[in-house]
Amino acid sequence: FIFGSYQGLTNHAEAQSVQALVPTAAQRSGDFTGLGTTLVNPTDPLTGKPLTDSNGIPCVSGNRIAPGCISPVANNLLQYVPNSTTGSVVSLASSPLTENLGILRADWNVSDNNRISGHYYQNQNNHATPFAGGGNISGYIGETFEVATKQATVSDTHTFSPTVVNQLVFSVLNTNSNELESKTIEPSTLGINMPQYLPGGAVSVNVGNDFTLGTGYTTKFTGTNYQIRDSLSWIKGRHNFKFGAESLMLNFRQIFIGPPSFSFTGVRSGDPMADFMLGAFDSLNLDFGVRDNNDYTTYNSF
């Protein structure tokens, strides 16, 4: 006897709008005279001295950033930030979902005393987003999340006599999840002197929560579990005896590393956008090395 089923789901829900505040054309050239607040010239956190260009000119004066003080890294990142005459950009965040689920079961009556049963289950789904790691600028880094579950079981039930029945079961379960970035932008191509820590993706940049160039964690979880179980039932007079043994072999592995994350808050010059154009970040969060946990466990019981 054979039974099977399949279910497929494709869901392209209505995209949600995401708004970001981006630097104006004047601010991209270092002109913050229309800001409404007075900028201060940041100091070097190592020397404590005011920032100057190569000619000794203060980097910030009269709400203008000296051309020689505009960060080349900021200019490289701005290629991913759209221009806007209003200072605001609205993007559509679509997150399509696809899922495929299948089940197959078979029962075989080998004889009056022996029956073999088996089933296989598989579920795969993935969804994508153009905004990785909480970003709100499309076109920088997107993400895809993939999850797969596979499970198979075979059992053999044998009737030795009307009072003695044995069942042997073998089962395997495999689960995988993966978080993948849509592309790789190495720090060196942006002018940042640091290694490419992530297998994919790029650095994450938050400018006062006005706009965020986000990139997600590189994450992979895998697990494969095996089970072997045998149970014997024996009826003797008014007694029912049960004997059994089971072995579980479990494996779970997790691999993940987060992106370098720069935060510009305005604490250096008085405005996050100005801090960004100066390359004067407030903080940097950095993961050193991949977290890799690979656990094996075996349980035996009788």
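Residue numbers count from 1 along this sequence.
How far OG1 of Thr184 is from CD1 of Ile141: 7.0 Å, rounded to the nearest 0.5 Å. Within the model, atoms CG of Asp53 and SG of Cys69 stand 5.0 Å from one another, a figure rounded to the nearest 0.5 Å. To the nearest 0.5 Å, atom CZ of residue Arg105 and atom CD1 of residue Ile103 are 11.0 Å apart. If you take CZ on Arg229 and CZ on Phe170, they are separated by 12.5 Å, rounding to the nearest 0.5 Å. Note that CG of Leu168 is 8.0 Å distant from CD1 of Ile228, once rounded to the nearest 0.5 Å. We find the CZ-OH distance between Phe252 and Tyr296 to be 12.5 Å, quoted to the nearest 0.5 Å.
By the 4.5 Å heavy-atom criterion applied to side chains, Ile57 and Thr52 are not counted as neighbours. The side-chain heavy atoms of Phe264 and Val205, taken from C-beta on, include a pair separated by under 4.5 Å. By the 4.5 Å heavy-atom criterion applied to side chains, Asn225 and Leu248 are not counted as neighbours. You'll find the side chain of Asp156 stays beyond 4.5 Å of the side chain of Val169, heavy atoms only. Counting only heavy atoms from C-beta outward, the side chains of Asn114 and Trp108 never approach each other to under 4.5 Å. In this structure, the side chains of Ile137 and Pro82 come closer than 4.5 Å at one or more pairs of heavy atoms. At a threshold of 4.5 Å between non-hydrogen side-chain atoms, the residues Leu190 and Val203 count as touching. For the pair Tyr299/Met249, no side-chain contact is recorded, criterion being any heavy-atom separation below 4.5 Å from C-beta on.
Judged by distance alone, the side chain of Asn63 and the main-chain N or O of Phe32 form a donor-acceptor pair under 3.5 Å. Under a 3.5 Å cut-off, the side chain of Asp107 and the backbone N or O of Gly118 do not form any donor-acceptor pair. Under a 3.5 Å cut-off, the side chain of Lys183 and the backbone N or O of Tyr140 do form a donor-acceptor pair. Not a single donor-acceptor pair under 3.5 Å links the side chain of Asn41 to the backbone N or O of Ser61. Here the side chain of Thr159 pairs no donor or acceptor atom with the backbone of Ser161 at under 3.5 angstrom.
The pair Asp44-Lys49 fails the salt-bridge criterion, with no side-chain N (NZ, NE, NH1 or NH2) lying under 4.0 Å from an Asp/Glu carboxylate O. With respect to Asp295 and Arg253, no salt bridge is recorded, no charged nitrogen being found less than 4.0 Å from a carboxylate O.
Remark: Gln16 CD is loosely packed, at most 12 non-hydrogen atoms of other residues, nucleotides or ligands lying under 6.0 Å away. Heavy atoms from other residues, nucleotides or ligands lying under 6.0 Å from CG of Asn294 number more than 12. Annotation: His239, atom NE2; neighbour count of heavy atoms from other residues, nucleotides and ligands within 6.0 Å does not exceed 12. The number of heavy atoms from other shown groups lying within 6.0 Å of OH (Tyr226) does not exceed 12. Counted within 6.0 Å of CD1 on Ile2, heavy atoms from surrounding residues, nucleotides or ligands total 12 or fewer; the atom is thus considered open.
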List the atom pairs, with distances to 0.1 Å, where a side-chain N or O of residues 207-219 and a protein N or O form a donor-acceptor pair under 3.5 Å, not counting sequence neighbours.
| unit_1 | atom_1 | unit_2 | atom_2 | d |
| --- | --- | --- | --- | --- |
| Asn209 | OD1 | Asn206 | ND2 | 2.9 |
| Thr215 | OG1 | Ala202 | N | 3.4 |
| Thr218 | OG1 | Glu181 | OE1 | 3.1 |

Pairs under 3.5 angstrom only: tabulate donor-acceptor contacts from the side chains of residues 276-287 to other protein residues two or more places apart or in another chain.
| unit_1 | atom_1 | unit_2 | atom_2 | d |
| --- | --- | --- | --- | --- |
| Asp282 | OD2 | Thr265 | OG1 | 3.1 |
| Asp287 | OD2 | Gly258 | N | 2.8 |

Exercise answer: donor-acceptor pairs, residues 88-100 side-chain atoms, under 3.5 Å, sequence neighbours excluded:
| unit_1 | atom_1 | unit_2 | atom_2 | d |
| --- | --- | --- | --- | --- |
| Ser88 | OG | Gln19 | NE2 | 2.7 |
| Ser95 | OG | Ala128 | O | 3.2 |
| Glu99 | OE2 | Asn123 | ND2 | 3.3 |
| Asn100 | OD1 | Tyr6 | OH | 2.5 |

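For the residue pair Asp275 / Ser269, a side-chain donor-acceptor distance below 3.5 Å is found, with atom types taken as modelled. Side chain to side chain, Ser5 and Gln7 fail the donor-acceptor criterion of an N or O pair below 3.5 Å. Judged purely by distance below 3.5 Å, without hydrogens or angles, the side chains of Arg28 and Asn75 never pair a donor atom with an acceptor atom. A donor-acceptor pair shorter than 3.5 Å can be found between the side chains of Asn174 and Thr224. For the residue pair Thr222 / Asn176, no side-chain donor-acceptor distance below 3.5 Å is found, with atom types taken as modelled.
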Subject >> Steps toward side-chain hydrogen bond (donor to acceptor under 3.5 Å, both in side chains) verdict (Asp31, Ser29) >> reply: CA-CA 6 Å; Asp31 185 355; Ser29 65; 5.6 Å; no
Subject >> Residues His158, Phe160; criterion ring pair (Phe, Tyr, Trp, His ring centres under 6.0 Å); working and verdict >> reply: CA-CA 6 Å; His158 191 90; Phe160 290 97; 4.5 Å; yes
**OP:** Check the pair Thr298 / Ser247 against side-chain contact (heavy atoms from CB on, under 4.5 Å), numbers first and verdict last.
**Re:** CA-CA 7 Å; Thr298 301; Ser247 180; 4.3 Å; yes
**OP:** Step by step, work out the side-chain contact (heavy atoms from CB on, under 4.5 Å) result for Glu246 and Gln227.
**Re:** CA-CA 7 Å; Glu246 179 184 59; Gln227 178 196 44; 2.7 Å; yes
Subject >> Evaluation steps, side-chain hydrogen bond (donor to acceptor under 3.5 Å, both in side chains), between Gln151 and Ser171 >> reply: CA-CA 7 Å; Gln151 198 264 340; Ser171 181; 3.0 Å; yes
Subject >> Step-by-step side-chain hydrogen bond (donor to acceptor under 3.5 Å, both in side chains) determination, Glu146 to His127 >> reply: CA-CA 7 Å; Glu146 301 175 346; His127 70 274; over 6 Å; no
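Scanning all heavy atoms of the two residues, the minimum distance from Pro23 to Gln27 falls at CA-OE1, 3.3 Å. Closest approach of Phe302 and Ala245 over heavy atoms only: CD2-CB, 3.6 Å. In this structure, Pro187 and Pro195 approach most closely via the heavy-atom pair CG-O, 3.5 Å. A pairwise comparison of heavy atoms in Gln196 and Gly201 identifies NE2-O, 3.7 Å as the closest pair. Nearest heavy atoms, Glu143 versus Gly133: OE1-N, 3.4 Å.
No continuous path of ILVMFWY side-chain contacts below 4.5 Å connects Ile235 to Phe243, so the two sit in separate hydrophobic clusters.
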